[in-house]
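For reference, the structure I am asking about is given below.
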Amino acid sequence: MSIRTRFAPSPTGYLHIGGVRTALFNWLLRQRLGGQFILRIDDTDVERNQAEALQPILDGFRWLGIQWDEGPEVGGPYAPYFQSQRLATYKEAALKLLATGHAYPDYMTKEELDADKKKADAAKKPYVHRGPHRDTPADECVKLYEANPTTLRFKVPVGRKVVVEDLVRANCEQSTDLMGDPVILRANGIALYNFASVVDDAALKITHVVRASEHLANTYSQKLFLEALGLPIPKYAHIPVVNYKGEKMSKRKLPPLTEDERQKLRMLGWTDEEITTSGINIATVAFYKEMGYLPEAIINYLGRLGWSLDDKTEFLRLKDMISHFDMETGIGRVTKAPGEFDTKKLFWLQDEYMKLLSVEEKVTNCIPFLKRAKLISETPDEATLTLLSRIVTASGDRLKLFSDILQYGAPIFKAEPEYNAKSVEKRLKKPGAADLLREFAVVLAATESFDAATLDKAMHEFCAAKNVKLGDMVHPVRVATTGVEVGFGLFDTLEILGKQRVLERIEKALSL
RNA sequence: GGCCCUAUCGUCUAGUGGUCUAGGACACAGCCCUUUCAAGGCUGCGACACGGGUUCGAAUCCCGUUAGGGUCACCA
């Protein structure tokens, strides 16, 4: 069996995380069953589209490893894949419906429409639009339209039920008496999404339309279009929307970035203005890329949101998902209710995937972040890379996002530590702390081999001799050498810093 | 508001009439380990929305109620 699925984003300037999930299910089905996954750009609303708004979407998919068989930049046998370049096709289809009596010109003005709606509202009746020329014979409609082109509406047949067979939610039906005649062609001759979409699905020979359930209500009229056009009806699968705080996750109503996240973005070279105007947030793929998430973690999380393999599998790589994602165990097991987007669970998966990486892999992924933060040069030398490798090793499981390297690497890559005022107050200004630190510096200066094990032993002995708790030394030394209270193992830190820098920093800290 | 869809722990889910005193995971809480932060180990908390049927038996089937979501554009 060979299938053709598609994802049809609008060029909005960013790739939405919910859209990725929809695309993923389309893509998985195609990978499992064979065929093509098509990327089609729905840009019929010329006023809202900008040319550069597509690139982030393409970049996002590439980063996530979701490749398309046909579409922008790769082309394909049904090109072009931009709806703005296929306008003539839609108009032709609309005119065909006009000629066959399935559509009619509608000269009602917006004001008249609004008035009718208001009247229906007042009467507490549903507004179902039926234009004056609904029953005008087809040939007259054509003449009217040719003489005076205007909006074209589809003539919804009355007294019928439209049944949509859905792969996720079985049969869904709607009475045509509740469906107003939808506009299929604007007065300017450009088709509306709802109409263009089915014309294209047919033209691109799409066999399975997998999309978010917000499109279910559109499907009834779309099925009517296809019937009137004499085109085949694809299989539909309406997957539940992704919710956030109980509502469809959209660019609005999302939490602001945390101060920690903003700080990371600043270190990566973002200005506050860019952070605000870019609209980067947890609904955008760009956010996860900037924070240094692993594509695998995002894919795994999204795949398990609204779908499960069995009663215990949480961990699924792309290849595992593909092997299980057929009609029955794949799309057939997708849940029907909306799913809440859980950033905590995504983060947990991220951690799990991070643990699987070797030090070398982590280093490779951390380098771009350090370069952008100017903590290392564009062409780091061998010594820098070795140092980075030691930092990554010492950081271990603490490195959950690649951007975390900024936090762990800064105290070491920067010439001077940035002393946190609170930490200095708490750990260095404590009575007796300075004296102990001064004495311990002497011990350090005398230490022959400056490695973690030796330093560990030295500090333990020092504490025993002075009759103080280990913590009474660890904290001041950490703050003195790194400026902050949080970091990976202290003795690893000292070893990586080296004797000279450690002593210099302690001296500097004592002068604060 | 009309229409459509949906309804198992806070969240993601398993469950398709008896194997369910409902399983797993995240989150959360406590304890242990520990130089901070992580990680790890152990323990705990916690759900079949409600009401009627059908049935020997219902989380599972039917009906109603309630709640949530989606949609009602010359947006996509």
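Predicted, not measured: the structure shown is a model, and the values here were computed from it. Naming: A, B, ... by sequence-line order, numbering from 1 per chain.
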Atom CG of A/Asp114 to atom C1' of B/C74: distance rounded to whole Å? 12 Å

Could you tell me whether a side-chain N or O of A/Asp177 sits under 3.5 Å from a main-chain N or O of A/Gly159, the two making a donor and an acceptor? yes

On a whole-Å scale, what distance lies between the P atoms belonging to B/G10 and B/C28? 16 Å

N/O donor-acceptor pair, side chain A/Arg169 with base B/U6, under 3.5 angstrom: no

Would you check if there is a donor-acceptor pair between the side chains of A/Tyr193 and A/Asn218 at a distance under 3.5 Å? no

For B/A76, does OP1 or OP2 lie under 4.0 Å from any side-chain N or O of A/Thr44? yes

Presence of donor-acceptor pair under 3.5 Å, side chain of A/Arg398 and base of B/U36: yes

Using whole Å, what does the distance between atom P of nucleotide B/U11 and atom NZ of A/Lys245 come to? 12 Å

Between B/G69, B/C74, B/A27, spot the one nearest the side chain of A/Trp348, thanks. B/A27

Any chance the side chains of A/Arg153 and A/His129 put a donor and an acceptor closer than 3.5 Å? yes

Ring-on-base stacking B/A76 with A/His215 (under 5.5 Å, under 30°): yes

Applying the Watson-Crick and G-U wobble criteria at under 3.5 Å, what pairs with B/A7? Answer none if nothing qualifies. B/U66

Tell me if a side-chain donor or acceptor on A/Asp166 pairs with a main-chain N or O of A/His238 at a distance below 3.5 Å. yes

May I ask you to decide whether A/Lys235 forms a salt bridge with A/Glu165, counting only side-chain N to carboxylate O separations under 4.0 Å? no

One pair to check against ring-ring contact (aromatic ring centres under 6.0 Å, His included): A/Phe25 and A/Phe325. What are the steps and the verdict? CA-CA 8 Å; A/Phe25 285 165; A/Phe325 214 85; 5.4 Å; yes

Could you check which of B/C74, B/U6, B/U13 has an atom nearest any side-chain atom of A/Thr335? B/U13

I want to confirm an ordering. Mapping A/Leu185 and A/Pro240 to their closest nucleotides on RNA chain B, which one lands closer to the 5' end? A/Pro240

Would A/Glu214 and A/Lys248 pass as an ion pair if we require N to O under 4.0 Å? yes

Identify, between A/Glu352 and A/Lys312, the residue whose nearest nucleotide on RNA chain B lies closer to the 5' end. A/Lys312

Is there a donor on the side chain of A/Glu314 or the base of B/G24 sitting less than 3.5 Å from an acceptor on the other? yes

Check each residue of residues 451-475 of chain A for a non-hydrogen atom within less than 4.0 Å of any atom in RNA chain B, then write out the ones that pass by number, or none. A/Leu470, A/Val474, A/His475

